[in-house]
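Report on the following structure.
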Amino acid sequence: MTSLNELSFRRLLTLVAAGVLTACASGPARKAPVEDRTAPVSVASKAPVPVETPVQPPQGFENAGKPGYYTVKPGDTLIRIGLEHGQSSQDIARWSQVKDPNRIEVGQVLRVVPPEGESSVVIKPISSPSVVAKSVNTPRAAAAPNGAEKPAAPAAAGAQAASASEAIDITQWAWPAQGPVIAGFDEVKNKGLDIAGEAGSPVLAAADGRVVYVGSGLRGYGNLIILKHDNVYLTAYAHNQTLLVKEDQTVTKGQKIAEMGNSDADQVKLHFEVRRQGKPVDPSKYLPAR
């Protein structure tokens with residue numbers, strides 16, 4: 001007879017063996033899955049974050065709105081700004097410290113009047129009326145039929161408005177071309193006189209002055225010459241065929257400065273402007289009667 005201890009031992013072995021088989025059947029224990037919540041790092045995110053460069057304000061912005069300064073608008077050129085303010089584009093570039101006159105930006109603020117103590121033009125000023133009265137260059141009126149000399153015609157209204165301090169007198173101005181006037185002054189449609197002629201006809205300086213622009217950089221004017229006569233007046237000569245002077249050259253009244261043409265125009269003609277402090281005025285009021 002098997003003893004009680006032996007039966008207990010066998011039963012114990014049987015239970016142990018059954019436990020081992022159960023463990024083997026169930027396989028190795030698995031860990032619970034762990035969710036990785038770390039977002040993958042893209043290659044782009046590893047690149048250094050660019051540092052924004054501060055936007056530089058336009059040159060001269062601190063002078064915006066001040067008298068004697070002009071803020072550049074879309075479509076502006078230094079040549080047009082000079083013409084409209086009665087100044088040389090070179091002078092404006094110098095006063096405003098513009099490095100490249102061909103590159104100005106919208107919002108840039110330019111000085112359009114001379115700095116204190118400096119003149120914008122160095123030429124011999126046109127004589128004042130009191131001096132011109134004694135000048136041998138003063139035109140004389142045509143003789144009357146009876147041989148008596150006609151009294152001098154009264155000055156035009158525009159000339160009367162010009163004071164002696166402006167150093168201007170119409171009796172010293174000359175017609176810039178000999179042809180007929182085919183279009184008169186209109187402040188909106190035609191800022192000067194259009195004078196007809198033949199290609200190659202001489203274009204003459206209307207008064208003593210200095211050449212402040214020669215070129216074709218102003219749309220609508222073709223080959224253009226601008227003369228500065230004093231600190232008040234400019235004259236412009238447009239649509240030329242040939243340009244015969246250079247910038248900074250001094251010219252005298254009646255000197256041939258160009259030959260008439262049709263550059264940027266529908267026919268051969270001279271477009272002639274007089275600008276008083278940049279504002280277009282009727283040239284016929286500054287020219288002697290024909």
Do the side chains of [Y] and [X] get nearer than 4.5 Å, heavy atoms only?
X	Y	result
Val245	Lys256	no
Ile92	Ile81	yes
Gln249	Gln255	yes
Asp282	Val274	no
Phe272	Val203	no
Ile226	Leu83	yes
Trp175	Leu193	yes
Tyr237	Leu224	no

What distance do [X] atom [atom1] and [Y] atom [atom2] have between them, rounded to the nearest 0.5 Å?
X	Y	atom1	atom2	answer
Gln59	Gln108	CD	CD	4.5 Å
Glu84	Ile79	CD	CD1	12.0 Å
Arg80	Thr77	CZ	OG1	6.0 Å
Leu78	Leu110	CG	CG	6.5 Å
Ser88	Leu227	OG	CG	11.5 Å
Arg219	Asp264	CZ	CG	9.0 Å

Residues joined to Phe61 in its hydrophobic cluster, side chain to side chain under 4.5 Å directly or through other members, sorted by chain and number, are none
(Q) Under 6.0 Å between ring centres: does that hold for His239 and Tyr221? (A) no
Test item: [X] side-chain N/O and [Y] main-chain N/O as donor-acceptor pair under 3.5 Å:
X	Y	value
Asn223	Asn240	yes
Ser263	Gln241	no
Asp230	Tyr233	yes

If you take all heavy atoms of [X] and [Y], which pair is closest and at what distance?
X	Y	answer
Val268	Ala199	CG1-N, 3.5 Å
Leu234	His229	C-CD2, 4.1 Å
Ser96	Arg111	OG-N, 2.7 Å
Gly215	Leu243	N-CD1, 4.0 Å
Ile195	Pro176	CD1-CG, 4.0 Å
Ala196	Ile182	CB-CG2, 3.7 Å

Exercise. Report, as yes or no, whether the 6.0 Å neighbourhood of atom CD on Glu187 holds more than 12 heavy atoms from other residues, nucleotides or ligands.
Key: no
* What do you reckon, is CD of Gln267 surrounded by more than 12 foreign heavy atoms closer than 6.0 Å? -> yes
Exactly one of Glu247, Gln87, Lys228 clears side-chain contact (heavy atoms from CB on, under 4.5 Å) with Val212, and that residue is Lys228
So the side chain to side chain donor-acceptor pair (under 3.5 Å) pairs with at least one residue in residues 193-205 (sequence neighbours excluded) are Asp194-Lys269, Asp194-His271
Under a 4.5 Å side-chain heavy-atom rule over Ile, Leu, Val, Met, Phe, Trp and Tyr, are [X] and [Y] clustered together?
X	Y	value
Leu204	Val251	no
Tyr213	Leu244	no
Val109	Val98	no

So that I can tick it off, tell me whether Asp76 and Arg103 are bridged by a salt bridge, with the cut-off set at under 4.0 angstrom between side-chain N and carboxylate O.
no
Residues at least two apart in sequence or cross-chain that pass ring pair (Phe, Tyr, Trp, His ring centres under 6.0 Å) with Tyr69, listed by chain then number, are none
Between Ser284 and Tyr286, do the side chains contain a donor N or O and an acceptor N or O under 3.5 Å apart? no
